[in-house]
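Keep in mind that this is a model prediction, so the values were computed, not measured.
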Amino acid sequence: MTDLFLKEPTTIGLSDQAHAMLKRLAEDKQNGNFAEMADAYRFGISLALAHGVMPEEILGQRTTIFNVGTLDPDKQIYTTIRSLLKTGDTPVYRWAERLAEWGVREMSTMSDKGELDLGAILAKALDAEQAQA
């Protein structure tokens, strides 16, 4: 095992405030966007990556929510973040937390405005990708 893997956390989470937002997003069965909190967390990471966000460290109290092995069993999140970001001395899964924090907050804001449409978000990301090709 290398030092890189030794530095990686085994659990990850969000700030207390974003954790409450994540719960609300997962519990919103009327819109049916997410079956589980983990799905919303993963989508939050993807949303932040799609927007090119380089979020700051999470300040204040942080709530542990997921075991890394459960959230990312095939290491796709790890591999994607390592490929797209210069993570430096910060463990990749700490970056995942930061990205999820931004993404969950963004989705919560959209949801509060009645604008959380995952299909539209994905279509916009696809359009942007095709424009770059």
Counting only N and O atoms by type, is there a donor-acceptor contact under 3.5 Å from the side chain of [X] to the main-chain atoms of [Y]?
X   : Y   : result
T79 : K75 : yes
Y41 : G13 : yes
E8  : Y93 : yes

Are M107 and I58 connected in the hydrophobic side-chain network, where two residues link if heavy atoms are under 4.5 Å apart?
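No, separate clusters.
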
Under 6.0 Å from the six-membered ring centre of W102 and within 45° of its axis: does the NZ or CZ of R105 meet both?
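The answer is no; the distance or angle limit is not met.
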
Nearest 0.5 Å, please: how far is [atom2] in [Y] from [atom1] in [X]?
X    : Y    : atom1 : atom2 : value
L85  : T80  : CG    : OG1   : 10.0 Å
D117 : M110 : CG    : CE    : 10.0 Å
T11  : N67  : OG1   : CG    : 7.0 Å
I81  : R98  : CD1   : CZ    : 11.0 Å
E101 : R62  : CD    : CZ    : 10.0 Å

N-O pairing of R24 and D112 below 4.0 Å
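Salt bridge flag = yes for D112 with R24.
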
Testing the 3.5 Å rule here: is there a donor-acceptor pair between the side chains of R94 and T87?
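Side-chain D/A pair, R94 to T87: absent.
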
Of I12, V92, I45, I77, the residue whose pairing with D72 passes side chain to side chain contact (heavy atoms under 4.5 Å, CB included)
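Testing each of I12, V92, I45, I77 against D72, the sole residue satisfying side chain to side chain contact (heavy atoms under 4.5 Å, CB included) is I77.
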
